[in-house]
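To keep things clear, I will list the structure first and then write my remarks on it.
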Amino acid sequence: MTKPVDEITTSYSEISTWRRCQYQHWLAYRHRYTPLQVKPALERGIGWDHVMNLHYEGLQAAQREGAKPIDRLEHPAFKMFARRIEAELQDDPDALESQRELKDLLRWMYAGYVERWGPDAKWEILEVQKRMVAPLTTIETPDRILQINLKVYIDLLVREQGRGSRGRVWVVDAKSTTALGRRDLGFNDQSGLYQWMVANHGLLDVPIFGAIFSYALARKNKVKHQPLAERFKREPYGATDRELDEIANDAIESAWQANSRNLDWQPPRSPDDEMCRRRCDFLDACLAHRKGHDLAKFLRRTDHEVPDWHTPRLEGIDQFS
Ligand code: SF4
């Protein structure tokens with residue numbers, strides 16, 4: 001008899017939330033509780049991603065029109081995107097103060113970025129904002145098959161070009177940050193997992209060599225001059241095939257664990273008196289629930305959307321294992 005196949009789709013951010021705090025994952029991904037207000041750091045990250053996407057779409061458009069790499073910023077095809085960025089970041093005196101400050105910060109970051117990296121003449125732009133979904137793993141139980149898919153988001157894919165280039169292909173991860181300190185890039189599993197997916201599912205026509213982490217400082221010093229070298233930094237990291245396999249194995253196990261219990265199973269919290277406030281949208285609800293308050297009512301009163309439309313994507317996988 002052919003077994004029925006169930007499918008769920010996960011994301012790296014879901015896997016990462018599960019690893020950080022299972023209770024947070026249970027609220028955000030299994031019950032789909034959603035804060036109505038976005039945290040400022042997340043808003044800044046989303047804004048910077050958007051600006052970067054427009055910037056590289058512009059460079060790619062100029063490249064398609066045959067502009068020389070060094071002249072791409074001057075090409076009319078790029079200028080169209082540059083005008084859009086300018087319009088979107090323009091100050092609006094009627095907007096909320098927080099919005100005005102965010103736009104001011106993004107304007108400063110973008111002007112510095114263009115000054116620091118110019119037309120990125122040593123990169124051929126291959127893909128901007130590539131979105132794909134592919135199977136991460138398939139699990140067979142006595143009576144069913146479960147396919148776990150992964151969303152793969154590649155914001156920028158480039159190939160080295162020009163004299164002395166080795167033609168290697170890199171995923172570029174543009175990040176805004178409040179500190180350009182040292183990072184242990186070997187533990188940035190998101191890019192590694194996407195590389196593994198691309199290699200194992202033939203998602204792109206080209207093999208990826210590694211990831212370039214492109215950091216932009218999002219902290220403006222109103223008094224002191226900040227040289228460009230202290231505001232922008234790029235660091236490459238090429239993981240070995242063995243590393244990529246291990247990253248994928250860990251992700252598969254986490255994705256399975258995160259979705260293999262019934263919805264009414266309440267997982268343990270991972271409380272941390274320093275990190276919870278910074279990393280979680282459910283701090284007050286988490287505490288209130290622990291004190292015995294009704295969770296759904298509390299979330300509704302504290303500006304969270306409590307979906308009545310939600311049907312769990314699978315009511316626990318262990319029930320049919
Ligand atoms: S407040 Fe802390 S313990 Fe509670 S859900 Fe958030 S991360 Fe987990």
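Counting starts at 1 for both ligands and their atoms, in listed order.
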ask   = Salt-bridged, Asp104 to Arg107, with N to O below 4.0 Å?
value = yes

Return all side-chain donor-acceptor pairs below 3.5 angstrom for residues 80-90, not counting sequence neighbours, or 'none' if the list is empty.
unit_1, atom_1, unit_2, atom_2, d
Arg84, NE, Glu88, OE2, 3.2
Glu88, OE1, His50, NE2, 2.7

query = His55 and Tyr113: side-chain donor and acceptor closer than 3.5 Å?
reply = no

task = May I ask you to check whether Gln147 and Asn149 show a side-chain donor-acceptor distance below 3.5 Å?
result = yes

key: Residue-atom pairs from the protein, N, O or S only, that lie under 2.8 Å from atom 6 (Fe) of ligand 1   = Cys280 SG

Please list every donor-acceptor pair under 3.5 Å in which a side-chain atom of residues 272-285 meets a protein atom from a residue at least two apart or in another chain.
unit_1, atom_1, unit_2, atom_2, d
Asp272, OD1, Glu274, N, 2.9
Asp272, OD1, Met275, N, 3.0

query = With sequence neighbours excluded, what pairs up with Arg234 under the salt bridge (charged side-chain N to carboxylate O under 4.0 Å, His left out) test?
reply = Asp120

